[in-house]
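Heavy-atom basis, side chains included; hydrogens, waters and symmetry copies ignored. These numbers were taken from a predicted model, which means no experiment stands behind them. As the structure lists them, so they are numbered: ligands from 1, and atoms in each ligand from 1.
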Amino acid sequence: MRLDIVSIFPEYLAPLQLSLVGKAVRTGIVELGVHDLRQWTHDRHRTVDDTPYGGGAGMVMRPDPWGEALDALVPPGAPGDPLLLVMTPSGRRFDQALAAELAAEQHLLVACGRYEGIDARVVEHARTRLRVLEVSIGDYVLNGGEAAALVVTEAVVRLLPGVVGNPASLTEESHAADHDGLLEYPVYTKPPQWRDLDVPEVLFSGHHGRIAAWRREQAVERTRERRPDLLPARHEPLVVTRAVPE
Ligand SMILES: Nc1ccc2ncsc2c1
């Protein structure tokens, strides 16, 4: 996968050089380009924004640097079929299903807006020659799209073959499709006692069936308590295979 990210704060994307994403880049699983939008400005002040037509608070990102940036990164008529992701609070809500969709892409371009947003003509024009998806990571106020770009990049890159050491670990995580989208069960490790707190006995049983049943039960209970919206719409109550009695 090739991933090009455009921002006026390219240093905000430095964490992508760390950990799993950094390793994916170093091993060639991902080709990463982080670009400063200001390289496509031509005035002395490297201007990227201006006041909004129609009035209102704040500033809007001008279309011209963005148009030149996209033309440079995807020259008109160039081969390939890149997907432009525009990070915006008004976009499609990012979730694990979308992460899986994006992990199948060969080339992603990520536009990180700032201020009150990017002039709407940038997306309008991009749609004439690129697939475009506006993406939101949630309903809260951020100062720009860079944090969202980090979230989306990590969630997508970790799904690429060869990135996560043990692919099995991808299946039992919260929101993983193979885990019915349930939240993760509680996990424990050494020491067996800690501050008078014990590890659930079943985890020492060595009985894989009982352990699996207990974990499923915990995942369903957690999901019911914390995120009932994630429970599959069922006509009958969710069947929980009770932990096998001792
Ligand atoms: N404020 C805000 C919230 C979500 C989001 N997602 C992508 S950019 C963005 C900005």
Side-chain angles (χ1 to χ4, degrees), residues 1-21 30 32-41 48-67 69-70 73-74 82-105 107-127 130-160 173-175 181 226-227 229-230:
M1 174 186 285
R2 175 149 186 98
L3 180 61
D4 287 294
I5 305 176
V6 183
S7 165
I8 60 170
F9 293 119
E11 63 278 13
Y12 203 110
L13 286 306
L16 294 179
Q17 294 163 24
L18 305 173
S19 187
L20 280 177
V21 175
V30 172
L32 176 66
V34 177
H35 311 275
D36 183 346
L37 179 68
R38 293 189 197 275
Q39 75 182 69
W40 290 287
T41 61
V48 292
D49 64 320
D50 209 323
T51 52
Y53 282 128
M59 302 289 274
V60 173
M61 299 193 95
R62 291 175 55 100
D64 27 6
W66 281 106
L70 294 176
L73 295 172
V74 188
L83 173 62
L84 171 61
L85 301 178
V86 179
M87 300 290 107
T88 170
S90 57
R92 171 179 165 184
R93 185 64 175 270
F94 183 67
D95 59 13
Q96 194 61 25
L98 180 51
E101 286 177 41
L102 298 181
E105 293 288 338
H107 186 186
L108 292 175
L109 290 156
V110 182
C112 301
R114 280 261 145 181
Y115 310 109
E116 299 311 309
I118 301 173
D119 185 300
R121 291 170 291 179
V122 172
V123 164
E124 184 180 353
H125 184 271
R127 288 193 192 281
L130 298 172
R131 290 176 297 135
V132 181
L133 181 63
E134 297 178 81
V135 177
S136 169
I137 62 166
D139 300 332
Y140 30 74
V141 181
L142 298 174
N143 293 327
E146 286 78 8
L150 289 173
V151 166
V152 170
T153 299
E154 175 161 329
V156 170
V157 168
R158 66 192 303 280
L159 296 179
L160 299 179
E173 296 171 322
S174 289
H175 313 297
R226 302 177 189 185
R227 289 293 305 277
D229 59 297
L230 293 177

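A salt bridge is absent between E105 and R2; no separation between the charged side-chain nitrogens and carboxylate oxygens falls under 4.0 Å.
Within the 4.0 Å heavy-atom criterion, the part of V135 lying near ligand 1 is the backbone and not the side chain. Only the backbone of V141 comes within 4.0 Å of ligand 1, counting heavy atoms alone; no side-chain atom from C-beta on gets that close.
What you find for A149 and I5 is that their closest heavy atoms are CB-CG2, 4.4 Å.
Annotation for H125: atom NE2 does not count as buried by contact number, only 12 or fewer foreign heavy atoms lying within 6.0 Å. The local environment of CD in E154 is sparse, with at most 12 non-hydrogen atoms from other residues, nucleotides or ligands closer than 6.0 Å.
With R38 contributing its side chain and I8 its backbone, the two residues share no donor-acceptor pair below 3.5 Å.
Atom 10 (C) of ligand 1 has P89 CD, 3.6 Å as its closest protein atom, hydrogens excluded (heavy atom only). The nearest protein atom to atom 4 (C) of ligand 1, hydrogens excluded, is given as G138 O, 3.2 Å; this is a heavy-atom distance. Distance from atom 6 (N) of ligand 1 to its nearest protein heavy atom, with residue and atom name: I137 N, 3.0 Å.
Remark: ligand 1 atoms within the under-4.0 Å shell around heavy atoms of Y140 are 1 (N), 2 (C), 3 (C). Near A148, the atoms of ligand 1 lying under 4.0 angstrom from a non-hydrogen atom of the residue are 6 (N), 7 (C), 8 (S).
With no hydrogens or angles considered, a side-chain donor-acceptor pair links S7 and E146 at under 3.5 Å.
Inclusion of L142 in the set of residues having an N or O under 3.5 Å from an N or O of ligand 1 is warranted.
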